[in-house]
Amino acid sequence: MIMEAHKVFGKEDGIFCPKWLNVSFSPISLFFGGEAACFPCMTADSKAETFTLWMKSLIMQGNGLTVFNENGQIVFRIDNYDEKSSREVSLMDLGGRLLFTLRRKSIWFVCDWEGFKEDGNVNNEERKPFFRVKKVLGFFSKKLSCDVKFYGDESPASLCYRFEGLWGKTTFRILDNRGGVVAEAKRKQSSIGVLLGEDVLSLVLVQTNLDHSLLMALVTVYLLIQHRI
């Protein structure tokens with residue numbers, strides 16, 4: 001389904017919906033109903049949720065990531081007009097509100113990522129990152145591991161989360177600092193059990209007390225490291 005959308009960032013873009021999602025959108029609700037559809041945070045009492053990660057932008061001829069909840073609503077998105085694996089991307093909710101800015105920081109042959117939580121203030125180059133993601137170096141290994149630490153405590157004991165996956169594969173897990181599974185991503189299956197392409201993932205939240213926007217920022221960094229978005 002292809003339809004003309006309202007202006008997004010000053011451009012007229014075509015918006016499309018994947019057939020496997022089996023839902024429809026109206027342009028009005030898509031761009032002006034975002035606040036009601038976005039759930040930025042979960043509490044300990046919230047039930048576990050499953051998100052669908054589609055490694056494409058809804059903007060025609062654009063790169064990015066679109067995240068759907070269990071009701072088929074768009075809750076997060078990245079619309080990157082540049083090439084894949086950009087050095088800086090912005091995580092937004094459906095209404096276009098900026099949630100996190102993610103930047104790649106290269107030092108010699110090591111490329112780490114920093115996440116800046118947005119609060120509506122003017123972008124300041126001197127501000128401190130909210131979290132850092134560092135790859136765990138493992139030469140001649142197919143395993144990809146990344147450590148996540150919040151800014152201000154770089155000690156080994158301050159590890160908050162860890163990604164575990166394989167190079168070139170989109171399936172992965174997010175673990176907490178005790179080794180417990182926080183979330184797990186795997187290839188999505190359709191309602192009749194057909195395995196979809198590697199650009200469509202099902203992300204299951206095993207733990208329910210993590211800020212959704214932070215979770216998606218971490219997932220985005222992992223997919224950027226894997227050169228998927």
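Only heavy atoms go into these numbers, but all of them, side chains included; no hydrogens, no water, no symmetry mates.
- Checked options Tyr151, Phe150, Phe116; the residue passing with Phe130 is Phe150 (criterion: ring pair (Phe, Tyr, Trp, His ring centres under 6.0 Å)).
- Clustering of Ile, Leu, Val, Met, Phe, Trp and Tyr by side-chain heavy atoms under 4.5 Å joins Val181 with Leu175, Val206.
- Here Arg103 contributes atom CZ and Asp112 contributes atom CG; the two are 15.5 Å apart, rounded to the nearest 0.5 Å.
- Contact record, Gly168 with Glu198: O-OE1, 4.3 Å, taken as the closest heavy-atom pair.
- Applying the ring-ring contact (aromatic ring centres under 6.0 Å, His included) test to Tyr222 and every residue at least two apart in sequence or in another chain returns Phe163, Phe172.
- One distance of note links CG of Leu203 with CD of Glu184; it measures 9.5 Å at 0.5 Å rounding.
- In this structure, CG in Asp79 is found 6.5 Å from CG in Leu58, a value given to the nearest 0.5 Å.
- The salt bridge (charged side-chain N to carboxylate O under 4.0 Å, His left out) search around Glu114 returns Lys105, Arg132, not counting sequence neighbours.
- Ring geometry for Phe51 against His212 counts as perpendicular: the plane angle is over 60°, on a 0 to 90° scale with 30° as the lower cut.
- Distance CD1/Ile78 to CE/Met92: 7.5 Å, rounded to 0.5 Å.
- Atom-to-atom distance recorded for Phe100:CZ and Ser213:OG is 5.0 Å, nearest 0.5 angstrom.
- Closest of all the heavy-atom pairs between Trp167 and Lys135 is CH2-CD, 4.0 Å.
- Atoms CD and CG, on Glu88 and Leu224 in that order, are 11.5 Å from each other to the nearest 0.5 Å.
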Run the numbers on Lys134 and Asp147 for salt bridge (Lys or Arg N to Asp or Glu O under 4.0 Å), then give the verdict.
-> CA-CA 5 Å; Lys134 295 181 178 292; Asp147 286 346; over 6 Å; no
